[in-house]
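See below for the structure under consideration.
We count residues from 1, following the sequence as given. In this text the structure is predicted, and so the values were computed from the model without any measurement.
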Amino acid sequence: MLLGTFLLLLLLPGANPASAHAALRATDPADGSVVPAAPRSVTLTFTESVGLLDDSFRVLDPTGHRVPTGDAEHAGGHADTARIGLPAGLGRGTFTVAWRVVSADSHPVSGAFTFSVGAPSATAAPVPTGPTEDPLTAFLYGTARGAAYLAAALLIGTAAFVAVCRPTRVRPLRGLLRAGGWGLAGATVLLLVLRAPYETGDGPSAALDLDALGRTLTGRPGWALLARLALLAASALLLTHAARRARPSRTHLSLGAVLAVGLALTWAAAEHASAGIQVPLAMTSSVVHLLAMAAWLGGLTALLVLLRRDTPPLAMVTRFSRLAMLSVTALAVTGLYQSWRGLGTLTALTDTSYGRLLLAKLAAVTVLLTAADWSRRWVAERAGAATPAERKEELRMPQPVGATRTGTPAPDGLTERPPEAGTPRPPVAGTALTEPSSDGDAHRRALRRSVLVEVLVAAVVLALTTVLTGTLPGRAEAEAQATRQAAALPATSVVMAPFSVAGHRGTVQVTLDPARTGDNAVEAVVYGADGGLAAVPELRIAFTFPAQDIGPLNADLTDRGGYWATNAVNLPLAGTWTMKVTVRVSDVDQVTVQKPVRVAR
């Protein structure tokens, strides 16, 4: 039912376009354009706010040498732009601009484009097409991110298990709490150290740069990681103080809930939820999703540890079954919303990497739910085997955290006190084991196998979640693809047509804008042999399409004082047209030059 609802709601109408990664919207100068004079700056406009790096821009001249530039800045104070100043006397030819910025959701994005001054040059620096990040840095950073998710599940989930399920034996769970706390602290420190080389695409050795580390600490991802470390320190103090009591007080539980929400916020504030549409709702959904994941998966691990020795009390397993059902419901609702927000359309499920990863995660969650359903039925069967009086007593009598198997609280809340010698051991309240010992062991082993399957599949789900957090969402990928397709189409087509007639030599530079089917503007400038502007008594341009025997279509050019132009040339078909340029230099001397022109759809 959950899977069907998930797919059905994906068909609902989407909201406005959004990107959880920044997508390049426009460049000035435009990609592939030819400008008559060298620009004073290069400006990029993105779909969302971006962070700038010390080396956000690299401008290469036609020979491949780097052009000295100023510092990167936001144009006009707009956070969704990036601008770099260019030096005077840039020269002519084709220039390559490579850029790298950090999205609002903390993920770096990069790209490159070209523009030409005067006319395209015969040579140009190659546009980078390979990876723009160090593979070892990316691997280490991704591993640390996955370890942080796992450790958070252990820490928050085990603490929630102790608080809600109230196990009679807590000492075996102390190792999970320590592993979760120290693991999350270590992963957070590693993420903090690797943040700078991850953003710049450098190797791990760049983490030793103290200046780069200082810049990390002043950015939003750095603040989130520092806040996580501070919250971990507060959590350690709280757990230490709570361990001295037989049972955590309401104050302990309230502070623990606040700290858990704060830890979850350190992910939401620096991941996909922090950018795009509906940010407040998305961050709330992200926090609930992470806490529900931790309560379910961390609780499963805690239950598996307790199942290693004996069958846990029925009341504890029943409480966890209810907690798991609540967690699954929260995961379904928030996961549905986050998937819609990240995908945008149903076709993105199969057409994008994000969608395919989401399908893989959905398949793993299906296996997880199947195993969980078996465990739930085990609890229902055991509950049915107990008498009504036993079930009532079991559910009515909460056990204090840290209580021994006899129901007596331990002094420190985390250890067990064995009965004194010679003292008869009272019956364990609410074990609900009415069957013989061998049958109880068989049922315990069956439950343990089911929970073990859940834990193993949960590890796969966590791994897929980690990959998803670093994958371009479907909405952003579709927008970036549209941007790339638009960039691949020439904004203008510039054709140089050399001519020679009656001792007159020169070149006609013809610009066709936008060089697509439909209405186009034509501008023509005549240059003399010395490269300066030249005046001619008449200039005519006509277009033919030999493949379909169309034309000639005449462009009604008018002399506009230094150049010839018209705004009304309709080219109805995409393909290669033949442009005929006729230059008349006297009453009797003229020449016609033919050049191919590519017209896009």
* **Point-to-point distance, once rounded to the nearest 0.5 Å, from OG1 of T592 to NZ of K580** => 8.0 Å
* What's the verdict on side chain to side chain contact (heavy atoms under 4.5 Å, CB included) for V42 and T27, showing C-alpha distance, side-chain angles and the deciding distance? -> CA-CA 7 Å; V42 171; T27 66; 6.0 Å; no
* Would you say the side-chain atoms of S286 pair up with the backbone N or O of A282, donor to acceptor, closer than 3.5 Å? -> no
* Structure fact -> Separation between CG (L190) and OH (Y141), nearest 0.5 Å, reads 9.5 Å
* Of all the heavy-atom pairs spanning Y198 and R100, show the shortest one and how long it is. => O-NH2, 3.3 Å
* To do: Answer with yes or no whether the side chains of T81 and T45 bring together a donor and an acceptor at under 3.5 Å.
  => no
* Out of curiosity, H289 NE2 to L331 CG, how far, rounded to the nearest 0.5 Å? -> 5.0 Å
* To do: Evaluate side chain to side chain contact (heavy atoms under 4.5 Å, CB included) for Y337 paired with L281, printing each intermediate quantity in order.
  => CA-CA 10 Å; Y337 168 73; L281 179 59; 3.7 Å; yes
* Under 6.0 Å between ring centres, would you say that holds for W577 and F545? -> yes
* Assess whether side chain to side chain contact (heavy atoms under 4.5 Å, CB included) is satisfied between V583 and H504, documenting all intermediate values. => CA-CA 10 Å; V583 183; H504 295 274; over 6 Å; no
* Note, L557 side chain near R540 side chain (heavy atom, < 4.5 Å) -> no
* Which heavy-atom pair separates P68 from P87 by the least distance, and what is that distance? -> O-CD, 3.1 Å
* Is the backbone of A568 close enough, under 3.5 Å, to the side chain of D519 for a donor and an acceptor to pair up by distance? -> no
* Compare all side-chain heavy atoms of L571 with those of L553 and state whether any distance is below 4.5 angstrom. => yes
* Asked: Just by modelled atom types, is the L217 backbone N or O under 3.5 Å from a matching donor or acceptor in the W223 side chain?
  -> yes
* Structure fact -> Closest non-hydrogen contact found for A555 with F543 is CB-CE1, 4.4 Å
* To do: Could you tell me whether the side chain of K595 reaches within less than 4.5 Å of the side chain of P498, counting heavy atoms only?
  => yes
* With the side chain counted from C-beta on, respond yes when F95 and D61 share a heavy-atom pair under 4.5 Å apart, and no when they do not. => yes
* Structure fact -> Distance col, row L265:CG vs T284:OG1, nearest 0.5 angstrom, shows 8.0 Å
* From CA spacing to verdict: side chain to side chain contact (heavy atoms under 4.5 Å, CB included), L140, L136 -> CA-CA 6 Å; L140 293 175; L136 180 57; 4.1 Å; yes
* Output yes when a side-chain donor or acceptor of T143 lies under 3.5 Å from a complementary backbone atom of F139, and no otherwise. => yes
* Asked: Looking only at heavy atoms, what is the nearest atom pair of A542 and N554, with distance?
  -> CB-OD1, 3.4 Å
* To do: Return yes if some donor-acceptor pair links the side-chain N/O of T137 with the main-chain N/O of D202 below 3.5 Å, else return no.
  => yes
* Non-hydrogen atoms of V501 and D589 that approach each other most closely -> CG2-CB, 4.2 Å
* Once you round to the nearest 0.5 Å, how far does CD1 of I541 lie from OG1 of T566? -> 9.5 Å
* **Contact check, side chains of L60 and R66, non-hydrogen atoms, under 4.5 Å** => yes
* **Distance in Å, D28 CG paired with L44 CG, rounded so as to fall on 0.5 Å steps** => 9.5 Å
* To do: Take atom CG of D530 as the centre, draw a 6.0 Å sphere, and report whether it contains more than 12 heavy atoms from other residues, nucleotides or ligands.
  => yes
* Backbone N/O of W564 and side chain of D559: donor-acceptor pair under 3.5 Å -> no
* So, for P197 and G203, which heavy atoms are closest and what is the spacing to 0.1 Å? -> CB-O, 3.5 Å
* Scan side-chain atoms only and decide if T94 and S116 contain a donor-acceptor pair under the 3.5 Å cut-off. => yes
* Are the side chains of P39 and V117 in touch, meaning some heavy atoms are under 4.5 Å apart? -> yes
